[in-house]
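Beneath this line is the structure, given in structure tokens, with notes to follow.
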Amino acid sequence: MSYKYLDALVVGAGVSGLYQLYKLREAGLTVTAVESAPDVGGTWYWNAYPGCRVDSPANIYQYWFSQELLDDWEWSERFPAQPEIKRYLQHVANRFDLYSSIELDTRVVSAHWKEQEGRWHVTTEAGLVYAAKYLVSCVGLLSTPKVLSFPNQEVFQGQVYHTAKWPQEPVDLKGLRVGVIGNGATGIQVIQTLAPEVAELTSFQRTPQYAVRMKNYAVDEKIMAEWRADYPRLSQLVHNTFGGFPWDPAEEGHAATLTIEQRREVLEECWADGSLRMFVGTFPEVLVDPVMNEEVTEFVREKIRVQINDPDLAQKLIPRDHGYGLRRVPLENGYYEAFNQSNVHLVDIKATPIDGFSERGLVVGGEEYPLDALIMATGFDAGTGTLSRMGVEGRDGKSLTALWRDDIRTTLGLQVHGFPNLFLVGGPLSPIAAFCNVQTCAQQQVDWVTDAILNVVNSGKSTMEPTAEREEEWVQHHDEVANETLMMTIDSWYTGANIEGKQRRLLSYIGGAHVYRELCDEIQAQGYPGFSIE
Ligand code: NAP
């Protein structure tokens, strides 16, 4: 075994890992980041599937820490495609010389807390052990793909892909018969992108989706100058809104003071923005009040219905069994209209589940659908998937995997009792990913984690860990807020229901990213009450 001694080890070099590495290194700590991929980018490295693009506007999907970076990076679109976001993250890694502190192609296989030494021993697949005082997980919330397997898969002569493990080299599907399983944000992007170029596209749909029309546009010099002039305002604003975006829903109770026509005007305005404003910028009651939810749901159904020529098909593509906004709202650009094309087909696999593969394709209810390629856009073991597969053992050998198997708990998504000096960015039970623009909340958490580590260092102490009581208090508060929403009644990755056997708990905090940020700031200002620092 070869050992490398560090102050801090960061796991992951995506959106949060790059910034965490930068911050700790700037603070003077010896720090390395390890990344399993051959390059930086995280989600934006792996999800190289056709049509992948961000659905937060680029002017807020960026780092705020460097004026030079803000000055020199040019965005090309309001919602850039995956290669551009990947290039941006590579540019950041180059510009701030982060590559020199990143070990690529390096997968962590275990992380054990050594009480005597006061260090984490983090072992890589290659057998190197990093002995680090602080371990910061930046592994992402949506980074362990959910891969399906079906009977007879080995006999299938075509190719099988998962969107989150897409090959880095171009895959030419033109003129082929392609099947897609999955109609979440990912499947929607794949289907609308491939429909015009493949010979036949068959969508094997289990649950339809309410998707909102994305209003994308090219960013020319004039828009870029306007964006730049607005950066100082935006960089503050995003930290003061419910979802880390530059817009907020109406005040609670306001909807009830409006007529149905006036509420419709608000919805029309949000819809016209062509963004997730239609998700987090309407009325807060949508997520808690079934009557208000139905009103907004019917508005969205109308918007979708007019895009689909065949009324029978519209029935199948428009959800009936759940309300709008209770699962992650995807943005689309031609998704429903793709089904008007004669080469695009819909197979309802809820009514008739997939039997398995044949040599030539997929078999559903005894009927064979010939395919040259099958794309699984089947999502992720979200929130806990990656960290609970990393062999993390804290004080007295306490296993994070075992803990989270029964009870997914953290303190503010930032630390876990029993795991001293383990810090999480993007951990479960914080707003990130599900209810916050990732860039906003990742930066807020990285800043908090950095300050917390420096507080331990500067106060001459060695460890920081939440108390059991503080953790219980947070979990209870998290659940109370979650249980007030209609989301808990719905099966989705938000509630862990997409993974068999997973505990049903809302994976992200839904009390508001701004509320969460204020609480984190307060904890820091008060010297970290509820955390033992020894
Ligand atoms: P997802 O929302 O979990 O969707 C997975 C899809 O696969 C669903 O349609 C699901 O059907 C289907 N599926 C799963 N297991 C299945 C099974 N055993 N049999 C048949 N169908 C099955 O995953 P995702 O689309 O990858 O999106 C995950 C999240 O990533 C999004 O919610 C979003 O937060 C993020 N994302 C963001 C962007 C963006 O910024 N533009 C793009 C893509 C993804 P059921 O619904 O019936 O389970």
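In each ligand, atom 1 is the first atom listed, and ligand 1 is the first ligand listed.
Taking the six-membered ring for Trp and thresholds of 30 and 60 degrees, Trp44 and Tyr61 have ring planes more than 60 degrees apart, a perpendicular arrangement. Note on ring orientation: taking the six-membered ring where Trp is involved, the planes of Tyr19 and Tyr22 are parallel (angle under 30°, cut-offs 30° and 60°).
Residue Ala185 has at least one N or O atom closer than 3.5 Å to an N or O atom of ligand 1. Inclusion of Gln209 in the set of residues having an N or O under 3.5 Å from an N or O of ligand 1 is not warranted. An N or O contact shorter than 3.5 Å links Arg327 to ligand 1 by distance. Polar contact with ligand 1: absent for Asn498 (N/O pair, distance under 3.5 Å).
Ligand-side atoms of ligand 1 in range of Ile181: 20 (C), 21 (N), range being under 4.0 angstrom from any heavy atom. Residue contact check: Ile349 has heavy atoms under 4.0 Å from atoms 20 (C) of ligand 1. For ligand 1 and Gly182, the ligand atoms under 4.0 Å from any heavy atom of the residue are 6 (C), 7 (O), 9 (O), 12 (C). Shown in contact with Tyr49 at under 4.0 Å from a heavy atom are these atoms of ligand 1, numbered in order with element: 42 (C), 43 (C). Near Ala377, meaning under 4.0 Å from one of its heavy atoms, ligand 1 places the atoms 5 (C), 6 (C), 7 (O). Listed by atom number, the atoms of ligand 1 under 4.0 Å from Arg53 heavy atoms are 39 (C), 40 (O), 41 (N). Proximity to Asn183 (heavy-atom distance under 4.0 Å) selects the following atoms of ligand 1: 6 (C), 8 (C), 9 (O). Every atom of ligand 1 with a heavy atom of Gly379 under 4.0 Å away is listed here by number and element: 3 (O), 5 (C), 23 (O), 26 (O).
At a heavy-atom cutoff of 4.0 Å, ligand 1 is contacted by no atom of Phe204, backbone or side chain.
When the options Thr144, Thr384, Asp381 are evaluated for a side chain to side chain donor-acceptor pair (under 3.5 Å) with Arg389, the one that passes is Asp381.
Asn47 and Gln82 form no side-chain donor-acceptor contact under 3.5 Å, judged by distance and modelled atom types alone. Checking Thr401 against Ser388 by side-chain atom types alone, no donor-acceptor pair falls below 3.5 Å.
Nearest residue to atom 4 (O) of ligand 1 from Gly184, Pro208, Ala382 is Gly184 (criterion: closest heavy atom). Compare Thr43, Val147, Asp55 by their heavy atoms: the one nearest to atom 40 (O) of ligand 1 is in Asp55. Closest to atom 44 (C) of ligand 1 by heavy atom, among Thr186, Ile499, Val438, is Thr186.
Of all the heavy atoms in Met278 and Cys270, the pair that sits closest is SD-CB, 3.8 Å.
In this structure, Arg107 does not pair ionically with Glu35, as no charged nitrogen and carboxylate oxygen lie closer than 4.0 Å.
Taking a 6.0 Å sphere around NZ of Lys303, one finds it holds more than 12 heavy atoms contributed by other residues, nucleotides or ligands.
Note: Tyr161 and Tyr49 fail the aromatic proximity criterion, with ring centroids not under 6.0 Å apart.
Note that atom 6 (C) of ligand 1 has protein non-hydrogen atoms nearby, at separations under 4.0 angstrom.
When the disulfide (SG to SG under 2.5 Å) test is applied to Cys441, the partners found at least two apart in sequence or on another chain are Cys436.
Residue Lys146 places a heavy atom under 4.0 Å from ligand 1.
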